[in-house]
There are 2 protein chains.
Amino acid sequence: MAQKTREQLIEVGLKQIHTAGYGATGVNEILALAEVPKGSFYHHFPSKEVFAAAVLQRYGEGETHRWEMILGDKNQAPLKRLRLYFEDLISVYGQTGPISGCLMGNLTLEIADHSDVLQPMLKGCFGAWEDAVAEALREAVAGGELDPSANPGELASFIVNNWEGALLRSKAERSDRALELFLDFTFKVLLKG
Amino acid sequence: MAQKTREQLIEVGLKQIHTAGYGATGVNEILALAEVPKGSFYHHFPSKEVFAAAVLQRYGEGETHRWEMILGDKNQAPLKRLRLYFEDLISVYGQTGPISGCLMGNLTLEIADHSDVLQPMLKGCFGAWEDAVAEALREAVAGGELDPSANPGELASFIVNNWEGALLRSKAERSDRALELFLDFTFKVLLKG
DNA sequence: GGCTGGGAATCGACCGGTCTGTCTAGAGGT
DNA sequence: ACCTCTAGACAGACCGGTCGATTCCCAGCC
């Protein structure tokens, strides 16, 4: 029961913080949606900031699962997997998708500067994500899909950062244009066979 | 006198919203720093949101001035100008710089989804910026620095979005690494002679 | 089995403070 | 006299967080 309450709070909090932002989401709002009294919240989490860290961790776990599923599918060629992966991300986090925007990116711009709790977590999340992409690129090199002179680590970092930039721009424009452009340049220029 | 008060509010608001964010900056905080009473604020601006729009406009004017200065310097080759321009941006908005982060990017992730006042402005700001970069790329093509098959418009869009992504990542890492990587890939891969 | 002690978890009233925005009064220039 | 602008007290909602009371569960003992 205790765990269920905690899980319920994180689940509701993830949705709210992701869509409305950290600052714009009040603890009371989460409590009302989760139908949990305030005392329980502060029993499970010492502060809103630590709660956000738990929410971010859960988001990271979900995203790890996603890339493991798609990027780990050995039935597809590495670059094909990568393309499917980003196409999936667009359908989920693009303007036409159900949520729009990346929680990591949102939290980074909102509070990474000011929170010593969340900033290292964000850094770690981006690092793990970048590593997963780099691994796919390494496999692409090994399989002859990608020029051996390519630097998978730097390339992966650049691509991941570019994705965040495209997502940001797509919010400003309220259109997936920037995301499609990202896809085009990434696979036709940066990762061209 | 009236204009001076208004200007003072915008100036202080720009600094505060840029560094702390829109939600985290209170009207009272701005008033205290600007030494202006609340009545004056709501005389000049109907709401905090409209005030933020004025702040964004001022930021846009400042940035327009910056790129006109650097990208418009015909004494340098177009690509050289562009590189100087981004190097300047890194020194100003990078982690080692005085402010860190782009107001447009910050506002976009924080409220573009929820504000119909700011979202079109942000879209417009990004568009104007992208156009300035595209113009430099067009001049690079005309001058033979860049392959004529390049599409200056799309390339400029991609580069601008990538810049925002790199800036975001630099916040998560509290390091300029992503910005240097952006510079490298942009000029060695995307805009290679 | 029945009893009990005690920590875990729940619950919501309550706290001081802060939020954006309003209102009325008056200062100052023309 | 008029109108723009200054001035700040005030409103009412909401903020994150605290606190003490209560319920629940279950291990340990008889």
Side-chain angles (χ1 to χ4, degrees), chain A residues 1-56 58 106-107 110-119 121, chain B residues 1-56 58 106-107 110-119 121:
Chain A
M1 214 71 218
Q3 286 309 313
K4 216 185 99 186
T5 301
R6 195 188 141 95
E7 284 303 298
Q8 172 75 349
L9 285 169
I10 290 178
E11 195 171 320
V12 169
L14 173 54
K15 189 187 295 181
Q16 285 306 110
I17 292 178
H18 194 168
T19 55
Y22 174 80
T25 299
V27 172
N28 289 325
E29 185 184 341
I30 295 168
L31 298 176
L33 288 168
E35 294 181 317
V36 162
K38 186 165 268 192
S40 299
F41 183 92
Y42 282 98
H43 169 76
H44 290 287
F45 308 99
S47 70
K48 186 189 176 188
E49 190 183 15
V50 170
F51 172 69
V55 164
L56 175 59
R58 189 190 185 79
N106 296 354
L107 285 178
E110 192 173 354
I111 39 175
D113 275 359
H114 314 291
S115 166
D116 291 337
V117 174
L118 286 164
Q119 181 268 332
M121 283 191 66
Chain B
M1 213 72 222
Q3 287 309 312
K4 216 185 98 185
T5 300
R6 195 188 141 96
E7 284 302 298
Q8 172 74 350
L9 285 169
I10 290 178
E11 195 170 320
V12 169
L14 173 54
K15 189 188 296 182
Q16 285 306 110
I17 293 178
H18 193 167
T19 56
Y22 174 80
T25 300
V27 172
N28 289 326
E29 187 184 341
I30 295 168
L31 298 176
L33 288 168
E35 293 180 319
V36 162
K38 186 164 271 190
S40 299
F41 183 93
Y42 283 98
H43 169 75
H44 289 289
F45 309 98
S47 70
K48 185 188 175 187
E49 190 183 14
V50 169
F51 172 68
V55 164
L56 175 59
R58 189 188 185 81
N106 297 354
L107 285 177
E110 193 174 353
I111 39 174
D113 276 359
H114 314 292
S115 167
D116 291 338
V117 173
L118 286 165
Q119 181 268 333
M121 283 191 67

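Every chain is numbered from 1 and lettered A, B, ... according to where its sequence line falls, protein lines coming before strand lines.
A distance of 10.5 Å separates NZ of A:Lys38 from CD1 of A:Ile30, quoted to the nearest 0.5 Å. Separation of atoms CZ (A:Arg58) and CG (A:Leu14) is listed at 7.0 Å; rounding is to 0.5 Å. Atoms OG and CD, on A:Ser115 and A:Glu110 in that order, are 11.0 Å from each other to the nearest 0.5 Å. Atoms CG and CG, on A:Leu33 and A:Leu9 in that order, are 10.5 Å from each other to the nearest 0.5 Å. One finds the NE2 atom of A:His44 at 11.0 Å from the CZ atom of A:Phe51 (value rounded to the nearest 0.5 Å). Atoms OG1 and CD1, from B:Thr5 and B:Ile10 in turn, are 11.0 Å apart once rounded to the nearest 0.5 Å.
Taking atom CZ of residue A:Phe45 and atom P of nucleotide C:dT10, one finds them 11 Å apart after rounding to whole Å. Taking atom CD of residue B:Glu35 and atom P of nucleotide D:dG8, one finds them 11 Å apart after rounding to whole Å. Here C:dT10 presents its P atom at 10 Å from NZ of A:Lys4, a figure rounded to the nearest Å.
The shortest non-hydrogen separation linking B:Val55 to B:Gly13 is CG2-C, 4.2 Å.
Two end axes, each from the C1' atoms of five base pairs, can be drawn for the helix from C:dG1-D:dC30 to C:dT30-D:dA1; they diverge by 10°, to 10 degrees.
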- B/S/- contact track for nucleotides 19-30 of chain C, protein heavy atom under 4.0 Å: SBBB--------

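Between B:Thr5 and the phosphate of D:dC5, there is no side-chain N or O to OP1/OP2 separation shorter than 4.0 Å. Contact check, B:His44 against D:dT6: a side-chain N or O comes under 4.0 Å of OP1 or OP2. Phosphate proximity of D:dC5 to B:His43: present, with a side-chain N or O under 4.0 Å from OP1 or OP2.
Judged as a side-chain hydrogen bond (donor to acceptor under 3.5 Å, both in side chains), the pairs with a partner in residues 9-22 of chain A (not counting sequence neighbours) are, in order, A:Gln16-A:Glu29.
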